[in-house]
There are 2 protein chains.
Amino acid sequence: MESTAGDLAYDVFSRACPSRGTLEHVTGRWGSLTLGALHEGGCRFNELRRRVDGVSERMLSQTLHALERDGLVHREAQPTNPPRVDYELTPLGREVADRLLALIRFVEGRMDDVLAARARYDTAAGARGGR
Amino acid sequence: MESTAGDLAYDVFSRACPSRGTLEHVTGRWGSLTLGALHEGGCRFNELRRRVDGVSERMLSQTLHALERDGLVHREAQPTNPPRVDYELTPLGREVADRLLALIRFVEGRMDDVLAARARYDTAAGARGGR
DNA sequence: CCGTATCCTGCCGGATACTG
DNA sequence: CAGTATCCGGCAGGATACGG
C-alpha cells in the first residue's frame with residue numbers, strides 16, 4: 001500500500017494537484033485567521049478587519065474572494081444605503097474551520113514549549129557559531 | 001466574556017503575538033507539507049525532498065530549521081562519510097502534525113465540492129462582468 | 001460603509017555554484 | 001549526500017486614493 005498518497009483522488013503532496021492551492025488559501029497567513037475569526041460567527045467587513053489584527057483592506061478583500069470562490073465563505077450583500085455586507089462560513093467552511101481551529105488552539109496552548117525550544121536552540125547555535 | 005481571545009495567554013489573532021509566527025511556520029506553504037511528509041515517518045533530507053514535490057533545497061533547509069527551532073522536528077546527524085542526517089517529528093511535532101493532517105485529509109476529500117463551487121462562482125462572475 | 005484600482009517595496013523562493 | 005552562499009525576478013502585500 002502507498003502510505004503517501006493513499007487512495008485519495010487529490011494529493012496535496014503532488015505539485016500539480018489543485019488541492020494544494022486550496023490548502024494554501026485555507027492555511028495561508030490571512031486565510032487561516034479569517035476562517036478562525038468567522039468561526040465565532042458571521043460579521044461585516046470592518047468588524048472582520050478588527051478581529052483579524054493587522055490585515056489590510058486589500059488583503060482581507062482578496063482573501064475573502066478566494067475563500068468565497070472555494071465555497072468556504074458565503075457573502076450576503078444588502079442593497080441598502082449605506083451598504084451592509086455580511087460574511088459567514090458555509091457548512092463546508094465550518095467543517096474546515098473546525099479542524100483549523102483545533103490546530104490553532106493547540107499551537108496557542110503549547111507556545112510555552114515552543115518558546116522554550118527556541119531558547120534552547122538559540123543558545124546551542126550561539127555556543128557553536130560564536131558570532 | 002471575550003469570545004475572541006478567550007482566556008488564552010497567546011492569541012494568534014493579535015498582531016504582536018509570537019504564536020502567529022509559529023502558526024505560519026506550521027501552516028505555511030512548505031511547513032505544512034513538510035510536517036505532513038514527516039508524519040509518515042522520519043527520513044533523510046533528499047527523501048523528504050522527493051516526498052514534498054516541488055520544494056527546492058533552499059526552501060526545505062530553511063523550513064526544517066524553523067521547525068527544528070520551534071521544537072517540532074528533531075534533527076539527527078551522523079558524522080559518517082557520506083554524511084547521513086535523519087529528520088523526525090518530536091512528540092510535540094507529532095501532535096501538531098496530527099491536527100494538520102486532519103485538516104489536509106479533509107480538504108483533499110472535499111475537493112470535488114470546492115471545484116464545483118469554483119465553477120459556479122466563475123460562471124456567475126462571468127455572467128455579471130462579461131469581460 | 002464597502003470595497004476596487006494603482007503604485008511601490010520587501011522578501012519569498014527558484015536557479016546555480018560551491019563546501020565538507 | 002547534505003547542505004550553505006549568492007544572485008535576482010516575481011509577486012505578496014502595505015499605503016493611498018478613489019468609486020458605488
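The analysis underlying the following values was restricted to heavy atoms, covering all of them including side chains, and did not include hydrogens, waters or symmetry mates. Letters go in sequence order (proteins before strands), and every chain restarts at 1.
- The side chain of B:R44 places an N or O atom within less than 4.0 Å of a non-bridging phosphate oxygen (OP1 or OP2) of D:dA2.
- Taking only side-chain atoms of A:R29, from C-beta outward, the nucleotide of D:dG14, D:dC1, C:dC2 with the closest atom is D:dG14.
- Distance B:D53 CG to C:dG14 P: 12 Å, rounded to the nearest Å.
- Looking at the side chain of A:E57, the nearest of the listed nucleotides C:dG14, C:dT4, C:dC2 is C:dT4.
- Between B:L72 and B:L89 the shortest side-chain heavy-atom distance does not fall below 4.5 Å.
- Closest approach to the A:R58 side chain among C:dG14, D:dC1, C:dT6 is made by C:dT6 (side chain taken as heavy atoms from C-beta onward).
- Applying the 4.0 Å criterion to OP1 and OP2 of C:dG3, one finds that A:H65 has every side-chain N and O outside that range.
- Closest approach to the A:S61 side chain among D:dG13, C:dT4, C:dC1 is made by C:dT4 (side chain taken as heavy atoms from C-beta onward).
- In this structure, the CD atom of A:E76 is 12 Å from the P atom of C:dG3, given to the nearest Å.
- Counting non-hydrogen atoms under 4.0 angstrom, A:R49 reaches nothing in the nucleic acid.
- Put simply, CH2 on B:W30 is 9 Å from C1' on C:dG13, counting in whole angstrom units.
- If you measure from atom CZ of A:R15 to atom P of C:dG14, you get 10 Å, rounded to the nearest angstrom.
- Map A:P83 and B:P82 each onto its nearest nucleotide of DNA chain C; the residue landing nearer the 5' end is A:P83.
- With rounding to whole Å, B:L60 atom CG is found 9 Å from D:dG3 atom P.
- Comparing C:dC2, D:dC7, D:dG14 against the side chain of A:M59 picks out D:dG14 as the nearest.
- For A:N81, no side-chain nitrogen or oxygen approaches OP1 or OP2 of D:dG20 to under 4.0 Å.
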| message | Under the criterion side-chain hydrogen bond (donor to acceptor under 3.5 Å, both in side chains), I'd like the reasoning laid out for B:D112 against A:Y10: C-alpha separation, chi angles, the key distance, then a yes or no. | response | CA-CA 9 Å; B:D112 285 329; A:Y10 299 99; 2.7 Å; yes
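- If you take CG of A:L48 and P of C:dG3, they are 10 Å apart, rounded to a whole angstrom.
- The side chain of B:V85 has D:dG3 as its nearest neighbour among C:dC2, D:dG14, D:dG3.
- Checked by atom type, the side-chain pair B:R118/A:T22 shows a donor-acceptor distance below 3.5 Å.
- In this structure, A:E24 places its CD atom 11 Å from P of D:dG13, rounding to the nearest Å.
- B:L23 and A:S32 make their closest contact through CD2-OG, 4.2 Å (heavy atoms, listed as atom of the first residue, atom of the second, distance).
- Taking atom CG of B:D86 as the reference point, atom P of D:dC1 lies 14 Å away to the nearest angstrom.
- Considering A:L60, A:V26, A:V55 in turn, A:L60 is the only one that fulfils the side-chain contact (heavy atoms from CB on, under 4.5 Å) rule with A:T34.
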